[in-house]
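Note: hydrogens, waters and symmetry copies are ignored here, and every other heavy atom, side chains too, is used. Chain letters run A, B, ... following the sequence lines, proteins first, then strands; residues in each count from 1. These numbers were taken from a predicted model, which means no experiment stands behind them.
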Protein chains: 2
Amino acid sequence: MSLRHAMLGLLARGPASGYDLLKLFEISLSNVWPATQSQLYSELGRLADTGLVKVVAEGPRGRKEYAITDEGLAELRHWITEVEPNRSRRSDMLLRVFFLNTVEPEQARQYLRDRAAAAVTQHEGLAKIREFIADEQDALSVYGRIAMEWGLRFSAMQQEWAEWAAEEIGRLPSPPSD
Amino acid sequence: MSLRHAMLGLLARGPASGYDLLKLFEISLSNVWPATQSQLYSELGRLADTGLVKVVAEGPRGRKEYAITDEGLAELRHWITEVEPNRSRRSDMLLRVFFLNTVEPEQARQYLRDRAAAAVTQHEGLAKIREFIADEQDALSVYGRIAMEWGLRFSAMQQEWAEWAAEEIGRLPSPPSD
DNA sequence: TTCCGCATGTAAGTTGTTACATGATTGA
DNA sequence: TCAATCATGTAACAACTTACATGCGGAA
């Protein structure tokens, strides 16, 4: 049910079309809650049916501009403050770790080294975006910066962990067993 | 497609029934890749159809014991070493952060304080499990300990971040605006 | 003998992905 | 005029969730 709230959150900033929302998802929410075009259009229909958003303007090429309603804003606030976030997250990266005993220790180390490298790349990417945005004042709200900080800390943590883990494996070179 | 690999990974340790797998998921994989009973049974059927596992014994109450095949093991190893892990993870916790500007700053701070508290609880839970397991020797493989360490570091990071962020908000008490 | 745990399976519904399909407008 | 972008929608499929349905076997 988070897709609908992501859409309400974007519409809380101002009216937008399905196409606008797609672009907004791509540039600002792609790392947190990716959404496809077909998902957005069908969900927009449902949101309009339940009165959480409504069409406020029609433009060229069949463009329909939607705005959040009072009910929509109330629902968004309810979701933010009263609905407990999901703690469970699936991670196929971590799932592989559980099964590293089925491959050669050297492959296991390589896997972890690759994770460390991926974390570095991710961290660099975020740092670059932050720099870029620092120029334009206020381009990112306080909350945008807080989310960005999460990403930076997460990728730093992952890098350190993966490097530590790769070392850890080297300490007992047993054949793939179990 | 990770569910099938999670199942192959568990079967790589030894034969098991659908029921056994369900228990294994609950106790060891629930935080990394949750699965429901109906998912497991239908996926077992598909795995058997494609020859990645096979029935090796039948027991009381219609029990069917499955074992991984050579093809299954090859597929598992291929997935571990050659398939790039998904970088995108959905986080409704972080999604809410993006929209905290729609609620009162005090509610936003409360949200972040709650995240910090949840992280502490999670960290304590993991630390307890680690202690408990340390008693029984070898109950957790090297790789199990590495995964556990990820959880500990992740929850520690999240706690620190949430506390930092809650402070950050206090520094500019603006009304809820866009 | 009765209850709990073992054990399997199906159905319906939701969410998410990929692909198909179509067409209008605008700027070069 | 022609290509890129704007713009919407549908269909088919895959993954996941929740609920329903049934019945055996073993231990107290």
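- Across the protein-nucleic acid pair, A:Q39 atom CD and D:dT10 atom P stand 15 Å apart, rounded to whole Å.
- Rounded to whole angstrom, the span from the CG atom of A:L40 across to the P atom of D:dG9 amounts to 12 Å.
- For A:Y19 and C:dG23, the OH to P distance is 19 Å, given to the nearest whole Å.
- Not a single donor-acceptor pair, N or O on each side, falls under 3.5 Å between the base of D:dT18 and the side chain of B:T36.
- At a cut-off of 3.5 Å, with distance as the only test, no side-chain donor of A:Q110 or A:E106 sits close to an acceptor on the other residue.
- Distance, A:R90 CZ to C:dG16 P: 12 Å, rounded to whole Å.
- Ring-plane geometry between A:W161 and B:W150 is classed as perpendicular, the angle between the planes exceeding 60 degrees on a 0 to 90 degree scale with a lower cut at 30.
- Protein atom CD of A:E43 is 16 Å distant from nucleotide atom C1' of D:dT8, rounded to whole Å.
- Counting to the nearest Å, the C1' atom of D:dC6 and the CZ atom of A:R63 are 9 Å from each other.
- Remark: the backbone N or O of B:M93 is paired with a side-chain donor or acceptor of B:Y111 at under 3.5 angstrom.
- The phosphate of C:dG5 (OP1 or OP2) has no side-chain N or O of B:K23 nearer than 4.0 angstrom.
- DNA chain C is contacted by both A:P60 and A:S38; A:S38 maps to the nucleotide lying nearer its 5′ end (nearest heavy atom per residue).
- Distance, A:R61 CZ to D:dT5 C1': 7 Å, rounded to whole Å.
- Put simply, OH on A:Y41 is 16 Å from C1' on C:dA19, counting in whole angstrom units.
- Applying the side chain to side chain contact (heavy atoms under 4.5 Å, CB included) test between B:F25 and each of B:D20, B:V32, B:T36, B:L40 identifies B:L40 as the sole match.
- Between the side chain of A:S17 and the base of D:dT8 there is no donor-acceptor pair of N/O atoms closer than 3.5 Å.
- Residues A:W33 and A:Q37 each lie close to DNA chain C; by heavy-atom proximity, the contact nearer the 5' end of the strand is made by A:W33.
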